[in-house]
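In what follows, a single structure is set out as structure tokens and then discussed.
Throughout, a chain's letter reflects where its sequence line sits, starting with A, and its residues are numbered from 1.
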Amino acid sequence: MSSRSHLQIWHTVSQIPAGKVASYGQIADLAGLPGRARLVGKALQLAPASALLPWHRVLRSDRGLAFAAGSAQALTQRQLLLAEGVIFKGNKVSADAMWRPDLAALLFELQY
DNA sequence: TAATTGACCCTTT
DNA sequence: CAAAGGGCCAATT
């Protein structure tokens, strides 16, 4: 049984548009769970594949991937982002790829 | 019940 | 710019 927090997190992640990225902390805040970035990581880890979440659009606050460089998951994530047109600067994505949601629209979408 | 573990973050050096 | 240290909190052992 998944908690309400997980559902809220998954729903928020699903709102990230293609070609944009958000940090774990940012998602936590938007989901109404300030300061709980780690919970976002946990929620994504437990997320069912059937949810079709754009998990690859979530990364660390320093805009680097959360997975170890060279790991299969890191390579996959990088590939998915490149396919969406996200520019990489070294092992981090360019700053202008950060998602800047319209809060009013997002809050409406998330049914607050 | 207590200790350990993370798909993390922020401030300070 | 990179590294270190402290904080965080649910889930697992």
Q.
Just to be sure I understand the geometry, which residues of residues 51-84 of chain A put a non-hydrogen atom under 4.0 Å away from DNA chain B?
A. A:W55, A:R60, A:S61, A:A66, A:F67

Q. P atom, C:dG5 versus B:dA7: distance in rounded Å?
A. 22 Å

Q. What is the 5' to 3' range of DNA chain B, first to last nucleotide, that sits under 4.0 Å from any heavy atom of chain A?
A. B:dG6 to B:dC10

Q.
Are A:L39 and A:Y24 packed together at the side-chain level, in the sense that at least one heavy-atom pair is separated by less than 4.5 angstrom?
A. no

(Q) Suppose the criterion is side-chain hydrogen bond (donor to acceptor under 3.5 Å, both in side chains): which pairs have a residue in residues 92-107 of chain A, not counting sequence neighbours? (A) A:S94-A:D96

Q) Just how far is it from atom CG of A:N91 to atom CG of A:L59, taken to the nearest 0.5 Å? A) 11.5 Å

(Q) Under 4.0 Å, heavy atom to any atom of DNA chain B: which of residues 92-99 of chain A qualify? (A) none

**Q.** Listed once per pair and sorted, the salt bridge (Lys or Arg N to Asp or Glu O under 4.0 Å) pairs that draw on residues 12-27 of chain A, sequence neighbours left out
**A.** none

Q.
Let's test your reading of the pairing rules: Watson-Crick or G-U wobble, both distances under 3.5 Å, then write DNA chain B as a dot-bracket string with ( ), [ ], | and dots.
A. .|||||.||||||

Q | Under the side chain to side chain contact (heavy atoms under 4.5 Å, CB included) test, residues paired with A:P48 that sit two or more places apart | A | A:W10, A:S50, A:A51

If you look only at distance, which donor and acceptor atoms sit under 3.5 Å apart when one is on a side chain in residues 78-85 of chain A and the other is two or more places apart or in another chain?
{"unit_1": "A:E84", "atom_1": "OE1", "unit_2": "A:G19", "atom_2": "N", "d": "3.0"}
{"unit_1": "A:E84", "atom_1": "OE1", "unit_2": "A:R57", "atom_2": "NE", "d": "3.1"}
{"unit_1": "A:E84", "atom_1": "OE2", "unit_2": "A:H56", "atom_2": "NE2", "d": "3.0"}
{"unit_1": "A:E84", "atom_1": "OE2", "unit_2": "A:R57", "atom_2": "NE", "d": "3.2"}
{"unit_1": "A:E84", "atom_1": "OE2", "unit_2": "A:R57", "atom_2": "NH2", "d": "2.7"}

Q) Could you give all pairs that pass the side-chain hydrogen bond (donor to acceptor under 3.5 Å, both in side chains) test and reach residues 58-68 of chain A, with sequence neighbours left out? A) none

Q: Determine whether A:Q26 and A:P101 make a side-chain contact, defined as any pair of heavy atoms from C-beta on separated by less than 4.5 Å.
A: yes

Q: Could you tell me whether the side chain of A:I9 reaches within less than 4.5 Å of the side chain of A:L33, counting heavy atoms only?
A: yes

Polar pairs (N or O, both sides) under 3.5 Å between protein and nucleotides 10-12 of chain C?
none

Q. Sequence neighbours excluded, which residues qualify as side chain to side chain contact (heavy atoms under 4.5 Å, CB included) partners of A:L46?
A. A:H6, A:K42

Q) Are A:V58 and A:V13 close enough that some pair of their side-chain heavy atoms sits under 4.5 Å apart? A) yes

Q. Between CG of A:D29 and OG of A:S23, what distance do you get to the nearest 0.5 Å?
A. 7.5 Å

(Q) Looking at every non-hydrogen atom in both residues, tell me the closest pair between A:A68 and A:S71 and how far apart they are. (A) O-OG, 2.8 Å

Q. For the residue pair A:L75 and A:G70, what are the closest heavy atoms and their distance?
A. CD1-O, 3.8 Å

**Q.** Minimum side-chain heavy-atom gap A:K89-A:V93 below 4.5 Å
**A.** no

Q: Please work out if A:S23 contacts a base, only the sugar-phosphate, or nothing of the nucleic acid, heavy-atom cut-off 4.0 Å.
A: sugar-phosphate

